[in-house]
Amino acid sequence: MRLHSTDDLLTAHEYPATTTELITAYGDSRIELQNGTETLGDVLSRLSEETYHDSADARAAVMSALSHKAIGRRFYSDRDQYALGEDGPDPVSF
C-alpha cells in the first residue's frame, strides 16, 4: 500500500519530530484507503506520544496504525482455516 501525498508530507518534514508535531502540521491530510479515507491525525492519535527520528520511522508508525479500512475483505483468508473452537464470520458465496 502507498500513502501517496501523505508520504510526501512525511518525507519533507524536518526530523526529529513528535507525534503531536506531526498531528499539528498534517492532521487534516486525508489518506485514501481501499475502503474509505482517514485523516493522518486520526491515524496518529491511535499511537502513544513518540519521537520519530526520520520519515521512515513516521511512515512505519502510520502504516501500523491504519484502521481496517486499509485492508480488503475483513476476516478473509484463502489460506488459514479457523482452529477447532473458533468461530469466524458467516461464509459468503460469490
Side-chain angles (χ1 to χ4, degrees):
M1 182 172 72
R2 295 189 179 129
L3 296 175
H4 301 291
S5 63
T6 303
D7 191 40
D8 295 339
L9 294 173
L10 294 175
T11 300
H13 193 78
E14 193 169 313
Y15 292 90
T18 65
T19 304
T20 302
E21 290 170 346
L22 292 176
I23 291 172
T24 301
Y26 311 114
D28 293 335
S29 174
R30 289 222 165 272
I31 302 172
E32 297 292 327
L33 303 172
Q34 183 170 345
N35 295 315
T37 63
E38 289 187 298
T39 65
L40 184 58
D42 289 341
V43 173
L44 289 173
S45 66
R46 294 183 188 114
L47 303 171
S48 60
E49 184 68 23
E50 289 189 47
T51 299
Y52 306 104
H53 299 285
D54 56 29
S55 63
D57 286 348
R59 189 177 310 106
V62 169
M63 295 293 272
S64 71
L66 290 171
S67 73
H68 66 85
K69 294 178 183 177
I71 61 173
R73 272 179 40 204
R74 279 184 87 182
F75 309 114
Y76 174 77
S77 174
D78 61 351
R79 298 189 178 146
D80 297 327
Q81 296 298 320
Y82 288 97
L84 292 175
E86 287 185 339
D87 291 326
D90 293 332
V92 177
S93 177
F94 291 98

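The chain is numbered in sequence order, starting from 1.
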K.L.:
What's the shortest heavy-atom distance between T51 and P16, and which atoms?
P.N.:
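Closest approach of T51 to P16: CG2-CB, 3.8 Å.
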K.L.:
So which heavy atom on T19 is nearest to which on S48, and how close?
P.N.:
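Minimum heavy-atom contact is OG1-O, 3.5 Å.
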K.L.:
List the residues meeting side chain to side chain donor-acceptor pair (under 3.5 Å) with S67, not counting sequence neighbours, and say none if there are none.
P.N.:
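S67: side chain to side chain donor-acceptor pair (under 3.5 Å) contacts with E38.
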K.L.:
Using the test ring-ring contact (aromatic ring centres under 6.0 Å, His included), find all partners of H53 that sit at least two apart in sequence or belong to another chain.
P.N.:
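By the ring-ring contact (aromatic ring centres under 6.0 Å, His included) rule, H53 matches no residue at all.
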K.L.:
With R30, which residues qualify under salt bridge (Lys or Arg N to Asp or Glu O under 4.0 Å), at least two apart?
P.N.:
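For R30 there are no salt bridge (Lys or Arg N to Asp or Glu O under 4.0 Å) partners, ignoring immediate neighbours.
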K.L.:
Can you check whether I31 reaches V62 side chain to side chain, under 4.5 Å on heavy atoms?
P.N.:
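They are in contact (side-chain heavy atoms under 4.5 Å apart), so the answer is yes.
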K.L.:
List in chain and number order the residues that pass side chain to side chain donor-acceptor pair (under 3.5 Å) with T39, two or more places apart in sequence or in another chain; answer none if no residue qualifies.
P.N.:
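Result, side chain to side chain donor-acceptor pair (under 3.5 Å) vs T39: D42.
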K.L.:
Can you name the residues that form a side-chain contact (heavy atoms from CB on, under 4.5 Å) with A56, not counting sequence neighbours?
P.N.:
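Counting only residues at least two positions away or on another chain, A56 forms a side-chain contact (heavy atoms from CB on, under 4.5 Å) with D54, R59.
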K.L.:
Residues in side-chain contact (heavy atoms from CB on, under 4.5 Å) with T20, at least two apart?
P.N.:
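side-chain contact (heavy atoms from CB on, under 4.5 Å) check on T20 returns T18, T24, E49.
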K.L.:
Taking all non-hydrogen atoms of both residues, which atom of I23 and which atom of S45 are closest, and how far apart?
P.N.:
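Heavy atoms only, the tightest pair is CD1-N, 4.0 Å.
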K.L.:
Return the set of residues passing ring-ring contact (aromatic ring centres under 6.0 Å, His included) with Y52 (not counting sequence neighbours), or none when no residue passes.
P.N.:
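Once residues adjacent in sequence are excluded, Y52 has no partner under the ring-ring contact (aromatic ring centres under 6.0 Å, His included) criterion.
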K.L.:
For A58 versus L22, what's the shortest heavy-atom pair and its separation?
P.N.:
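Looking at all heavy atoms of both residues, the closest pair is CB-CD1, 4.0 Å.
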K.L.:
Taking ring-ring contact (aromatic ring centres under 6.0 Å, His included) as the cut-off, I'd like each qualifying pair that reaches into residues 12-38, sequence neighbours left out, listed once.
P.N.:
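The answer is H13-Y15, H13-Y26.
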K.L.:
Per the salt bridge (Lys or Arg N to Asp or Glu O under 4.0 Å) rule, what does the pair list look like for residues 8-24, sequence neighbours excluded?
P.N.:
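For residues 8-24: none.
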